[in-house]
J.: 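For reference, the structure I am asking about is given below.
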Amino acid sequence: MNSSNKKQLFIFNSLSGKKEAFVPIHKDKVGMYVCGPTLYSEPHMGNMRTFINFDLVYRYLIHSGYQVKYVRNITDAGHITNSAGEQEDSIGNAARLEQLQPLEIVYKYNLRFQELNKIYNLLPPSVEPTATGHIQEQIEIIENIIKNGFAYVKNGSVYFDVKSYMKSYNYGELSGRKVDELENETRELNAQDEKRFFADFALWKKAQKNDMQIWRSPWGDGNPGWHIECTAMSTKYLGETFDIHGGGLDLKFPHHEDEIAQSCGASGKSPANIWMHANMLNVNGKKMSKSLGNFFLPQEIVDGSSTLFSKPYSPQVIRFFMMQSHYRSTLDLTEEALNASEKGFERLQLSMELLENAPVSESSSFGIPLLIQSFYDAMNDDFNAPILIANLFDAVKKINLIHDKKETINTGDKAFLLSEMKSFIHDVLGLNFGLSKADDRLGPVMDLVLELRQNARDKKDWDTSDLIRDGLKNAGIEVKDGKENTNWK
RNA sequence: GGUCUCGUGGCCGAGUGGCUUAGGCAUCGGUCUGCAAAACCGAGUACAGCGGUUCGAAUCCGCUCGAGACCUCCA
């Protein structure tokens, strides 16, 4: 890219609550960790939104010339321990339900997840480490936390000692929670709780009778706490402190708060300079979630099997739709909104074809560099894809006017605009234009049919020409008469 | 209950003190067309309510109403 376009990237940091100039720890390199899915079921559209948003971040960082190491974990251990100290093994539960081994469950849904990544055109992360592949690393971190006096062992389990931690660090700095307030708000505690303090959380949980996954540890058989895997894997692949940590907004507390505590407790260093949180996908104004049951699967929109939508939508359209809202805003997914995006996306696509074939002139009648700069400015302002798209549509208008011979563009500007637009659409937004004419044999047939219709039209035989047009319409093919020729889709 | 966020024109959705008519879709008008569709061009409408700060607020402050998130697993 042209370095004059680079300018400064600003990112909203959840830790400070402000947009900050992005300066990577190591020049030209970025380390980014994003909390991935727990694969006890098929990821739903809301899950995908987060991953699509961070895919955008990844893509733009690459586009900006950074060498990015992008780590997105896969949680394949259902080691969930809630604040009441009760263990809830989501993967184990799914395994019992489907009569499979836990890792079979994970394998099955990971295959789906990887397919979805392809369908929605997500770039593969640099590494996708799994929790179960890093048990040893998790144990080592826990040992360090104990050694530093921020955790204690109780009956074969290990808990993070929040009170002790608070003497040296600010627990709650990310989520803005005050522990003394928390105490009053927390719902009733389990009476026989092993924890010393209500806010303590499990780093290692002693094995229970019907656990389906168990690992050995210095504290006996058991499994790791929910938060520790991210600390272990981000440290291993990105170091004790790295540039960006991302995840869904619903992970901010307690998950990310506890990650910070674990890292500080183990190494004395905060894990990430910048915390980014992607907002939720809503259905009828409510957060899409598995527990509410108001979710739909990415596949269902694409193949049209969802009862919420009357027809299938291409994954590219869905991606485009998501790019039209900012990652920090909630987004309501409705059929009406999706239809609007579908049309807009088509218009963008048509205009790119127009630009490719646009006639060139001696000079350009409008400022191309300024237009292109606006693409960069939008993305440099906390990855503002909706603004980028608005600016792309400004270009669309210009392109159409060139086509109408009301604006002109010279050879150099045309090449520049074409390559930058392609780059932003394909490489940054991750949108591919569909090849709609699926069947090779249909093309020649359509050529013939349209020729017959044209012959009829030349003879002013409107009955025949309209018969063909209506017949094709019934077959789902739309005839588009242009000035010079006739197209179809 | 506690903490926090949000409320923008018919719909989706940017914008945080003074030209953004943001943008997309829809609507209306026009061009094109045998007619129509498509395509293109052009136009309109908004900032939940009330009060305050300010020369000036959608944008800051307060209150009211409404919606949502987190505090329990969640992207």
Side-chain angles (χ1 to χ4, degrees), chain A residues 17 34-38 40-41 43-54 75 78 80-84 86 88-90 93 172 175-178 181-187 199 226 246-255 277-282 285-292 295 320-321 324-326 328-348 350-351 354 378 381 384-394 396-397 399-401 403-404 406 457 460-462 465-466 469-470 473 478-483 486-489:
Chain A
V34 171
C35 291
T38 301
Y40 63 94
S41 64
H44 63 235
M45 207 59 236
N47 298 316
M48 289 309 289
R49 183 188 179 204
T50 295
F51 303 131
I52 288 171
N53 275 140
F54 282 106
T75 297
I80 307 306
T81 305
N82 66 26
S83 73
E86 291 154 352
E88 188 90 27
D89 179 357
S90 49
N93 290 344
S175 58
R177 267 160 226 282
K178 308 262 185 302
E181 284 174 1
L182 263 177
E183 184 152 27
N184 307 324
E185 300 151 13
T186 306
R187 293 159 200 185
W226 174 31
L249 189 60
D250 50 359
L251 295 181
K252 197 173 182 182
F253 186 88
H255 184 59
H277 290 98
N279 217 322
M280 302 291 104
L281 183 66
N282 286 179
K286 281 211 169 58
K287 174 186 170 184
M288 177 181 287
S289 74
K290 283 179 185 169
S291 47
L292 280 178
F295 65 89
F320 179 73
F321 167 72
Q324 280 184 297
S325 79
H326 188 76
R328 281 193 288 119
S329 301
T330 54
L331 173 62
D332 230 293
L333 180 45
T334 61
E335 173 134 47
E336 204 180 356
L338 220 43
N339 280 333
S341 288
E342 188 174 45
K343 295 217 169 166
F345 185 56
E346 195 174 322
R347 201 151 87 84
L348 182 62
L350 286 172
S351 141
L354 232 45
D381 185 13
N384 201 324
I387 295 286
L388 167 61
I389 289 173
N391 294 342
L392 286 171
F393 274 103
D394 287 343
V396 165
K397 188 151 284 181
I399 291 165
N400 289 331
L401 287 170
H403 181 71
D404 283 0
K406 287 173 185 157
R457 295 179 78 202
K460 298 196 192 302
D461 179 2
W462 310 127
S465 87
D466 290 352
R469 186 213 285 162
D470 296 343
K473 193 177 179 185
E478 186 178 20
V479 173
K480 302 201 281 192
D481 291 326
K483 200 157 197 168
T486 297
N487 272 315
W488 59 276
K489 70 159 204 172

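Throughout, protein chains are lettered first and strands after them, A, B, ... in sequence-line order, and every chain is numbered starting at 1.
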J.: Is a donor-acceptor pair below 3.5 Å formed from side chain A/Arg469 to base B/A37, judging by atom type as modelled?
T.: no
J.: So if I take every side-chain heavy atom of A/Asp466 and compare against B/A14, B/G34, B/C12, which nucleotide ends up nearest?
T.: B/G34
J.: How many whole angstroms separate atom CG of A/Asn391 from atom C1' of B/G23?
T.: 9 Å
J.: Quick one: do A/His326 and A/Ile387 satisfy side-chain contact (heavy atoms from CB on, under 4.5 Å)? Show the steps, please.
T.: CA-CA 9 Å; A/His326 188 76; A/Ile387 295 286; over 6 Å; no
J.: Rounded to whole Å, how long is the line connecting atom NZ of A/Lys286 with atom C1' of B/G66?
T.: 13 Å
J.: Between C1' on B/U5 and CG on A/Leu249, what's the gap in Å once rounded to a whole number?
T.: 9 Å
J.: Are any of the side-chain heavy atoms of A/Asn339 and A/Glu335 separated by less than 4.5 Å?
T.: yes
J.: Go through the steps to decide whether A/Lys287 and A/Asp250 satisfy the test side-chain contact (heavy atoms from CB on, under 4.5 Å), and finish with yes or no.
T.: CA-CA 10 Å; A/Lys287 174 186 170 184; A/Asp250 50 359; 3.3 Å; yes
J.: Look at the side chain of A/Ser329 and the base of B/G13, then say whether one donor and one acceptor between them are separated by less than 3.5 Å.
T.: no
J.: Is the ring centre of A/Trp462 under 5.5 Å from the base ring centre of B/G34, and are the two planes under 30° apart, so that they stack?
T.: yes
J.: How many whole angstroms separate atom CG of A/Asn282 from atom C1' of B/C12?
T.: 13 Å
J.: Pick the C1' atom in B/U45 and in B/G9, then give their distance to the nearest Å.
T.: 5 Å
J.: CG of A/Leu281 versus C1' of B/C12: gap in Å, rounded?
T.: 13 Å
J.: Run the numbers on A/Ser325 and A/Arg49 for side chain to side chain donor-acceptor pair (under 3.5 Å), then give the verdict.
T.: CA-CA 11 Å; A/Ser325 79; A/Arg49 183 188 179 204; 3.2 Å; yes
J.: What is the per-nucleotide protein-contact pattern of nucleotides 38-43 of chain B, from the 5' end, where B denotes a base atom under 4.0 Å from a protein heavy atom, S denotes such proximity for sugar-phosphate atoms only, and - denotes neither?
T.: B-SSS-
J.: Roughly, in whole Å, what's the span from CZ in A/Arg457 to C1' in B/U33?
T.: 8 Å
J.: Quickly work out the A/Arg328 CZ to B/C4 C1' distance and round it to whole Å.
T.: 14 Å
J.: Going by the angle between their ring planes, with limits at 30° and 60°, are A/Phe393 and A/Phe320 parallel, tilted or perpendicular?
T.: perpendicular
J.: A/Leu338 CG to B/C11 C1': how many Å, rounded?
T.: 13 Å
J.: By nearest heavy atom, map A/Asp381 and A/Pro254 onto RNA chain B; which one lands nearer the 5' end?
T.: A/Asp381
